[in-house]
Amino acid sequence: MDKVVATAEAVADIPDGATIAVGGFGLCGIPSTLIAALLATGSRDLRVVSNNCGVDGWGLGLLLESGQISRMTSSYVGENKEFARQYLHGELEVELTPQGTLAERLRAGGAGIPAFYTATGVGTQVAEGGLPWKYHADGTVALASPPKEVRSFNGREYILEQAITTDFALVRATIADRHGNAVFNGSSMNFNPLAAMAGRICVLEAERIVEAGEIPPSAVQLPGVHVHRVVEATVAEKRIERRTVRPRTEGV
């Protein structure tokens with residue numbers, strides 16, 4: 001089945017209030033083309049699951065600045081000043097989740113596993129509840145995280161975490177064929193396949209689209225069965241989240 005469609009068509013049916021899993025790690029492997037297309041639709045009240053929320057002026061930060069995101073489930077949000085402003089002023093609901101737990105919640109959702117136990121977060125507010133998910137404008141807590149079930153296995157305590165499934169997934173691959181079989185590069189492998197599996201409808205942008213059969217079966221990192229639409233990645237710019245360099249050494 002040929003799944004290649006026009007970019008605007010690929011996101012046209014994402015409605016207000018949709019839940020969306022978005023791939024990428026920092027600014028690596030983010031679906032920049034699809035984010036730009038979603039920005040153009042104007043869909044609002046989006047509830048996004050992604051490792052982070054881009055940076056000011058790039059990635060998911062664009063949707064945040066346009067007021068299209070109402071809730072984020074993330075593990076790291078420290079590079080976006082607008083994110084902090086909206087969260088602290090009661091404009092954005094935020095569920096902070098340990099990074100490995102977030103990855104496993106997406107994987108479990110894609111695998112049809114409704115919940116799982118993990119030792120991560122035991123003895124903290126992750127388990128006990130009370131983490132501020134949303135503030136009032138005056139800085140008081142409007143919504144806090146609930147406590148989670150704790151059970152003991154072989155003398156060690158674990159907390160119950162629920163899997164994540166979403167209405168849509170937006171991901172980016174290095175190469176994909178017209179059937180949706182995909183290959184990722186480096187760190188972009190971290191969350192893209194997991195997000196793709198968790199979405200009921202997965203839209204994948206690829207830097208290069210090839211014919212079916214051109215990717216060896218052993219090289220496929222995301223089978224096309226998880227992908228419903230394929231678009232060409234037209235946003236080529238790849239930014240660095242935080243650039244750190246050593247001071248110049250004389251004579252070198």
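What you see below is based on every heavy atom in this structure, not just the backbone, and it leaves out hydrogens, waters and symmetry mates. Everything numeric in this text was worked out from a predicted model, so none of it was measured. By convention here, the first residue in the shown sequence is residue 1.
Remark: the R200 side chain and the T165 side chain contain an N/O donor-acceptor pair separated by less than 3.5 Å. Inspection of the N51 and Q99 side chains reveals an N or O donor paired with an N or O acceptor under 3.5 Å. A donor-acceptor contact closer than 3.5 angstrom is absent between the side chains of Y87 and E93.
Crowding of E214 atom CD: a count of heavy atoms from other residues, nucleotides or ligands under 6.0 Å exceeding 12.
Residues L160 and A115 come closest through the heavy atom pair CD1-CB, 3.7 Å. A pairwise comparison of heavy atoms in V230 and D177 identifies CG2-O, 4.3 Å as the closest pair.
Hydrophobic cluster membership for W133: L143 (Ile, Leu, Val, Met, Phe, Trp, Tyr linked by side-chain heavy atoms under 4.5 Å, directly or transitively).
Between the side chain of N80 and the backbone N or O of C53, at least one donor-acceptor pair lies under 3.5 Å.
Taking 4.5 Å as the limit, some side-chain heavy atom of R85 sits within range of a side-chain heavy atom of E91. Looking at heavy atoms from C-beta onward, D56 lies in side-chain contact with E65 at the 4.5 angstrom threshold.
Residues passing the ring pair (Phe, Tyr, Trp, His ring centres under 6.0 Å) test with Y76: none are found, sequence neighbours excluded.
Exactly one residue among L96, V141, T97, V126 makes a side-chain contact (heavy atoms from CB on, under 4.5 Å) with L131. That residue is V126.
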>> Determine whether R229 and D13 satisfy the following criterion, salt bridge (Lys or Arg N to Asp or Glu O under 4.0 Å), listing intermediate values before the conclusion.
In response: CA-CA 12 Å; R229 304 166 190 169; D13 60 346; 2.7 Å; yes
Mind listing the side-chain donor-acceptor pairs of residues 18-47 below 3.5 Å, one per line with the distance, residues two or more places apart or on another chain?
from : atom 1 : to   : atom 2 : distance (Å)
T19  : OG1    : D167 : N      : 2.8
T19  : OG1    : D167 : OD2    : 3.1
T33  : OG1    : E205 : OE2    : 3.4
T33  : OG1    : T234 : N      : 2.9
T33  : OG1    : V235 : N      : 3.0
T41  : OG1    : L38  : O      : 2.7
T41  : OG1    : S43  : N      : 3.2
T41  : OG1    : S43  : OG     : 3.2
S43  : OG     : I14  : O      : 2.7
R44  : NH1    : S66  : O      : 3.4
R44  : NH2    : G67  : O      : 3.0
D45  : OD1    : S70  : OG     : 2.5

